[in-house]
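Just so you know, residue 1 is the first one in the sequence shown, and it goes up from there.
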Amino acid sequence: MHIKAACLLHVPTLKMELTGFTSKGRFLVVLCILSYLYKSTAAEGSCKLKAKFNLRGYKEVEKKTVVIGGMFPVHQRLVDTDSNTTIAPESSDCEGFNFRTFRWAQTMLFALNEINNRNDILPYTELGYVIYDSCFTISKAARTKLCLTTVAGMDPPLSALVGAGSSDLSIATARILGLYYFPQMSYASSCSVLESRFQYPTFLRTIPSDEHQSVAMAKLVLHFGWTWVGTIAAEDDYGKYGIKRFKEVVEEAGVCISFSETLPKIRNPEAIERIVQTVLDSTAKIIVVFSSDVDLSPLVGELLRNNVTNRTWIASEAWVTSAAISRHPNILPVLGGTIGFAVKRAEIPGLQEHLLSVSPYNDTLTEEFWGIVFNCTMNYKQIMRGMRRCTGEEMLQKLSNTFTDVSQLRITYNVYKAVYAVAYALHNLEDCKDGSGPFENGTCADITKFEPWQLMYYLKNLRFTVPHTGEEIYFNNGDVDGFYEILNWQSDSEGEITYNHIGYYNSTAPPEEKLIINNGSIIWNNDVLEIPRSVCSERCQPGTRMGIRQGEPVCCFDCIPCADGEISNTTDARGCIQCDEDYWSNANHDECVPKTIEFLDFAEPLGITLIAISAFGALATIVVAIILLMHLNTPLVNANDPLLSFSLLLGLVITFLCSIVFLGEPQMWSCMTSQVALAVGFALILSSLMGKSALLMLRARAVKAVKSAVKAAKAAAAASEQSPDTAVIAPAIPQKNDIDPIHPRHQRAIMIVCTLIQAVGCTVWLILMPPHPVKNTAAQNIKIILECDPGNIIFICSIFAYDILLAVLTFAFAFVARKLEDHFNEGKSVTFGMLVFFIVWISFVPAYLSTRGKFMVAVQIFAILASSFGLLACVFIPKCYVLLIKPERNKEEMLIPRAKSRDTAAASSASLATTSSSANANGTTVSTVSLDD
């Protein structure tokens, strides 16, 4: 029954409810509508030219029980036709004969013949076939589908469709076939969108879904560390969905897409040239191509013309083993080193013999193939024009082309499996026993008149072993497991492309074993053995971090060195890691190393020097004390309470020795001892000096009183000479007891009380918040400074403020006594000593604040030693000089403060004269009047 007959049968009843038809009837109604709309014009009475589908293929349905349909893209495209609507085109509507796909069609014929000759499968059923050429176009596939489905209403029934080749063709057919649950078994349609059982409920395939291939290609890119790749995809569902999924996976892993181009489906030289220019302009050395060999061929030709080399191409399964691509002349410099994914390969016994036995007299497709390979024709008109006539005796065995090459049977093997899948499903349907069937009430389907959905049940639950290869096939939601061989395009000794196996991808393996690649067996473009690099920016080495460039992909970045104290120990680090408090970054900023522990050690040269100076100072102080003890009973030593001198020397010994405690690693005891000993030692020194200075100050005031008395005496003597008769009273001259108004015990009391106040303050400090050792990690980045923390800043400031107060009072007292006139002016010595003390500690402050670490301790020790040496030198060197060098000055009369001798003599004579004249004149004596001045 033809389409016209089917339409005449059903179109008049279109107004009826569709539910009144069987599934086959409803299916025919829809097809008739499509066919009718395709052939008819809209206006009544207008003339029309009936189009001819002009389909070419194979058909054998006579005396067959069941028919299997097939659809193969034997030609690559439609012929551009004239727009003239008055004559029907006479020439073929397809061009670009493809040997590879022609072999696929012949494989289906081979598999059907093999099944019909077997007794273990469908022993009571003969399979027929209806196979058409889809010309690799959707429109042609739609026409083929209409013609194939007319067989569905005939006897024998059309059981399933094997096809339709590319993904977009299968999508077009599967949408309609799925409405009526008509089985479709594809051998090459791998597009992931076909996974949807909702949209394509009857679609099954023997090729893995591109979901697996896209992920596998992404894992390959990540495996080699490529982060900058270009993509090219065919302008169809296969390319669009495949490259889309690839991008999602790699971009999620941080890979950037340099460019993304689309191959046109129709001839467009400008678009191809633009794509080639994009490839040349891009810095990406890796290009992923999701396309069929038919769509890719124009680009390959343009790449050859532009000599585009130094690129590595990642091929999808649709072109990785295509001879149409790999056998281009001079293809090796351009596509050599290509890595691609291929479906399983197998050897099919007897297939090559079948291919070599085809006859040009059987059908028009084989006739066209014969004319192409042998450059002859069987067309009478072409023979009359001078072309060589084909004899039919030409030998295919002498040819070497894609059709006869059975070394890479991959899609061919998928066709073989697809035919066997339908056959085994039909076998299970036929083998069903009534009462144990899968349908209602245990019924079975009749192999001679079954519904498509009944066969679909057996296909969905099918599990069989492929003959000759032993591979077990089953469908998981219509799909098979994803397994791919990974091939590398290498050259053989004759300069031809060979497909070398370098690994595989298995979607069912554990994650770490899904992708297995032997890197050492890969030969890259231009016969390079080193893995090519494809990055927008070179990888950031440890010690740097990635700095994203504004407005550019994340793979384009600058490598910014980590700051001090931060590291990155991985390549392409997103950020730097802060080192722990006790660690610091090394010079390369790729590792945190322990900070250098710093303190002023005893054993280092500076420590040894300070110890030597401190010991010398303490020893010198002890020597001075011994000298004083040896001259203890001399006037010089006894002149200003020798006990104060010894307490002063004791304080100096304490300060000299406490400076040594500042050295070494700070401990709790050393922190407490050093600070407290320094504070108490200076308090003892300054309180002793203050006791001495207080006496000297009072002596100076007494001397001043003497001078005033002398002046008064002179005035009185002058007055008595001018008035002999007048009695003049002479002022009293101060004596020794008047010059030393305080007792030594008072001085000692000053020293003891002032020192005890400091000692009490230090005791409270030690009890409440004592100094303690700390690790100072903030002062210097690369060092941990071990130092003493004062515990509480208020306490330490109060303690040393008290020493400053004693120093100020001592200096004030000594300054007042600096002009005391005797042969040993101790007031001047104390004044100079205190000046040195102030100069040293005033200079110490900026020096201390400008240093760090152990040098701060050294500055503090230098200040302690300098001030101690200053006091020792200024106070005691003059005494030692007199005691040891000028002992003749060590006399009591030399040490008593007094007015100058001439003033004293004048005052004495004036006093005597006045008293004498007064006594002679009046005969009475008048008491002396004290002078307030």
Could you give the distance from CD1 (I567) to OG (S585), rounded to the nearest 0.5 Å?
8.0 Å
Between E604 and K854, does any NZ, NE, NH1 or NH2 come within less than 4.0 Å of an OD or OE carboxylate oxygen?
yes
Take atom CG in L632; do more than 12 heavy atoms of anything else shown fall under 6.0 Å from it?
yes
If you define the side chain from C-beta out and look only at heavy atoms, does anything of L610 sit under 4.5 Å from F662?
no
How long is the gap from CZ on F869 to CD1 on I864, to the nearest 0.5 Å?
12.5 Å
Less than 4.0 Å between a side-chain N and a carboxylate O, is that true for E598 and K783?
yes
Tell me, do L768 and F795 make a side-chain contact under 4.5 Å, heavy atoms counted?
yes
Determine, for D572 against R539, whether the closest basic-nitrogen to carboxylate-oxygen distance falls under 4.0 angstrom.
yes
Side-chain polar contacts of residues 835-845 - donor-acceptor pairs under 3.5 angstrom, sequence neighbours left out - could you list them?
residue : atom : partner : partner atom : Å
W841    : NE1  : S867    : OG           : 3.3
S843    : OG   : I839    : O            : 2.8

Before giving the answer on side chain to side chain donor-acceptor pair (under 3.5 Å), spell out for Q758 and D803 the whole-Å C-alpha distance, their side-chain angles and the decisive distance to 0.1 Å.
CA-CA 8 Å; Q758 183 70 298; D803 283 339; 2.8 Å; yes
Is the shortest distance from a Lys or Arg side-chain nitrogen in E538 or R533 to a carboxylate oxygen in the other one below 4.0 Å?
yes
Is atom CZ of F602 surrounded by more than 12 heavy atoms (other residues, nucleotides or ligands) closer than 6.0 Å?
yes
